[in-house]
A.B. asks: 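Got a structure here, written out as structure tokens. Questions coming.
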Protein chains: 2
Amino acid sequence: MPDTFVSNPSFFKLDATLKKLRNYWQKMFDAHQKDITVDQWLLIENLYKHKKTTHNELARNTSKDITTISRIIELLVKKGLVKREADVYDRRKVYLQLTPEGVEKYKDVKSLVYDMRKIGWKTLTETDYAELTRILDTIYANIP
Amino acid sequence: MPDTFVSNPSFFKLDATLKKLRNYWQKMFDAHQKDITVDQWLLIENLYKHKKTTHNELARNTSKDITTISRIIELLVKKGLVKREADVYDRRKVYLQLTPEGVEKYKDVKSLVYDMRKIGWKTLTETDYAELTRILDTIYANIP
DNA sequence: AAACAATAGTTGCCATAGCAACAGTTGCTA
DNA sequence: TAGCAACTGTTGCTATGGCAACTATTGTTT
């Protein structure tokens, strides 16, 4: 393994890129008065796709800590976008799903997100995308 | 631009990979009783390389918010790893530099970091590294 | 020189991240 | 069936991230 791998700041680059992306998304959300954060959006998107999930599932699906899920869901419930529903058979479980307002929020924000996703890629090719995916997946798999 | 670019979760993948990396680093720091966080390490590394900088410079160099820098530095000062020094000519400025203990900490943690950086790359080539760097730099440059 | 703008850094507030401890529930097992 | 382990989710604590408001200082303008 060449020395570049060790001395060069790939961690730093990942961090800086992600922060700039997150910042841009948040600024666009704010500019269009979407009244949600980027991470709240990620949960809404996930809940839209899975219809009915638990905190645990959501944590796995989003790579978030379960305590973080718990707190973001609390905010979304307060905003009226998500509702909790106790499992009849297992009283430890709580099912989460979007309210009608939550579904509306999803549809409202979706097109903005669709446009924004293209921004980062505007000068890159499909091969670049595949490469990034492959490399990130490999790094992810390499870490114990 | 193909639809994959828009529908696929590159933001999510960046976030997940970075979190797993950060987590692994932190666990290794803890296991070896280094008594610092990953971000504290990033500042120490930067201060070692630049010897004497200001909060502002450090923020630019690390892609961190200046308020975050202010707070991390406060923690490092409390740990005795960094010392503040007022500028004689501009009393708004505060220069930051590692204490002898800070330099020692840098040298102590450096070899561990060196080993860890290789972990993520163990099944990847130098070309992969160059590709990742190029793609991340491009995304970064694309974002307004 | 007085007023104002720009700069450096801090503090308050809220959101996300992760660990530990906890409560309640369920399932297993002696 | 009593006891314990495993599981689900919440709460407390500390750290990082970002915005706004603030203090103190310096530079500029009139």
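As the structure is a computational prediction, the values presented were derived from the model and not from experiment. Every chain is numbered from 1 and lettered A, B, ... according to where its sequence line falls, protein lines coming before strand lines.
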A.B. asks: Out of the candidates Tyr106(A), Trp25(A), Tyr48(A), only one should pair with Trp41(A) under the ring pair (Phe, Tyr, Trp, His ring centres under 6.0 Å) rule; please name it.
C.D. replies: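 In the set Tyr106(A), Trp25(A), Tyr48(A), the residue that makes a ring pair (Phe, Tyr, Trp, His ring centres under 6.0 Å) with Trp41(A) is Tyr106(A).
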A.B. asks: Could you give the CZ-to-P distance, from Arg91(A) to dT10(D), as a whole number of Å?
C.D. replies: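 In whole Å, dT10(D) P and Arg91(A) CZ are 16 Å from each other.
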A.B. asks: Have a look at Gln40(A) and tell me which of Glu45(A), Lys105(A), Lys79(A), Lys34(A) forms a side-chain contact (heavy atoms from CB on, under 4.5 Å) with it.
C.D. replies: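 Exactly one option meets the side-chain contact (heavy atoms from CB on, under 4.5 Å) with Gln40(A), and it is Lys79(A).
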A.B. asks: Atom CG of Asp90(A) and atom C1' of dA23(C): how far apart are they, to the nearest Å?
C.D. replies: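 In whole Å, dA23(C) C1' lies 15 Å from Asp90(A) CG.
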A.B. asks: What is the pairing partner of dA30(C), taking Watson-Crick or G-U wobble pairs with both distances under 3.5 Å in any strand?
C.D. replies: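 Partner of dA30(C): dT1(D).
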A.B. asks: What do the steps show when you test Asp128(B) against Leu132(B) for side-chain contact (heavy atoms from CB on, under 4.5 Å), and what is the final call?
C.D. replies: CA-CA 6 Å; Asp128(B) 293 332; Leu132(B) 179 65; over 6 Å; no
A.B. asks: Would you kindly give the CG-to-P distance between Asn56(B) and dA6(C), to the nearest whole Å?
C.D. replies: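 Those two atoms, CG and P, are 16 Å apart.
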A.B. asks: Counting distance alone, no hydrogens or angles: does the base of dT25(C) have a donor or acceptor under 3.5 Å from a partner atom on the side chain of Arg92(A)?
C.D. replies: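 Side chain to base: pair found, below 3.5 Å.
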A.B. asks: Rounded off to whole Å, could you give me the CZ-to-C1' distance for the Arg84(B) and dA8(C) pair?
C.D. replies: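 One finds 13 Å between C1' of dA8(C) and CZ of Arg84(B), rounded.
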A.B. asks: Quick check on contacts: within residues 16-40 of chain A, what sits under 4.0 Å from DNA chain C by heavy-atom distance?
C.D. replies: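 Contacts with DNA chain C under 4.0 Å: Thr37(A), Asp39(A), Gln40(A).
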A.B. asks: Side chains of Asp65(A) and Thr67(A) only: does a donor on one sit below 3.5 Å from an acceptor on the other?
C.D. replies: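 Present: a donor and an acceptor within the cut-off.
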A.B. asks: For His50(A), run the side chain to side chain donor-acceptor pair (under 3.5 Å) check against Thr53(A), Thr54(A), Asn46(A) and tell me which one passes.
C.D. replies: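 That would be Asn46(A).
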A.B. asks: If the threshold is 4.0 Å, N to carboxylate O, is there a salt bridge linking Lys19(A) and Asp15(A)?
C.D. replies: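 Looking at Lys19(A) and Asp15(A), the cut-off is met.
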A.B. asks: Without decimals, in angstroms, what is the distance between Phe11(A) CZ and dT16(D) C1'?
C.D. replies: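 Computing the Phe11(A):CZ to dT16(D):C1' distance gives 12 Å.
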A.B. asks: Let's see if you get this right: which residues in residues 62-82 of chain B place a heavy atom under 4.0 Å from DNA chain C?
C.D. replies: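 Heavy-atom cutoff 4.0 Å gives Thr67(B), Ser70(B), Arg71(B).
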A.B. asks: Among Met116(A), Arg117(A), Arg22(A), exactly one meets side-chain contact (heavy atoms from CB on, under 4.5 Å) together with Phe11(B). Which residue is that?
C.D. replies: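 Considering Met116(A), Arg117(A), Arg22(A), a side-chain contact (heavy atoms from CB on, under 4.5 Å) with Phe11(B) is found only for Arg22(A).
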A.B. asks: Please state how far atom CD in Glu85(B) lies from atom C1' in dG9(C), giving the value in whole angstrom units.
C.D. replies: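 Answer to the nearest Å: 17 Å.
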A.B. asks: Atom NZ of Lys93(B) and atom C1' of dG27(D): how far apart are they, to the nearest Å?
C.D. replies: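 Those two atoms, NZ and C1', are 13 Å apart.
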A.B. asks: Report yes if at least one side-chain N or O of His55(B) is closer than 4.0 Å to OP1 or OP2 of dG9(C); otherwise report no.
C.D. replies: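 Affirmative; the distance criterion is met.
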A.B. asks: Would you call Glu57(B)-Arg60(B) a salt bridge at under 4.0 Å N-O?
C.D. replies: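 So Glu57(B) does not pair with Arg60(B) through a salt bridge.
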A.B. asks: Answer yes if Val113(B) and Ile143(A) sit in the same cluster of Ile, Leu, Val, Met, Phe, Trp and Tyr residues linked by side chain heavy atoms under 4.5 Å apart, and no otherwise.
C.D. replies: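 Yes; tracing contacts between hydrophobic side chains, which count when under 4.5 Å, links both residues.
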A.B. asks: Reckon Tyr89(B) touches a base, only the sugar-phosphate, or nothing at all at heavy-atom distances under 4.0 Å?
C.D. replies: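 The answer is sugar-phosphate, as Tyr89(B) gets under 4.0 Å only of primed atoms, P, OP1 or OP2.
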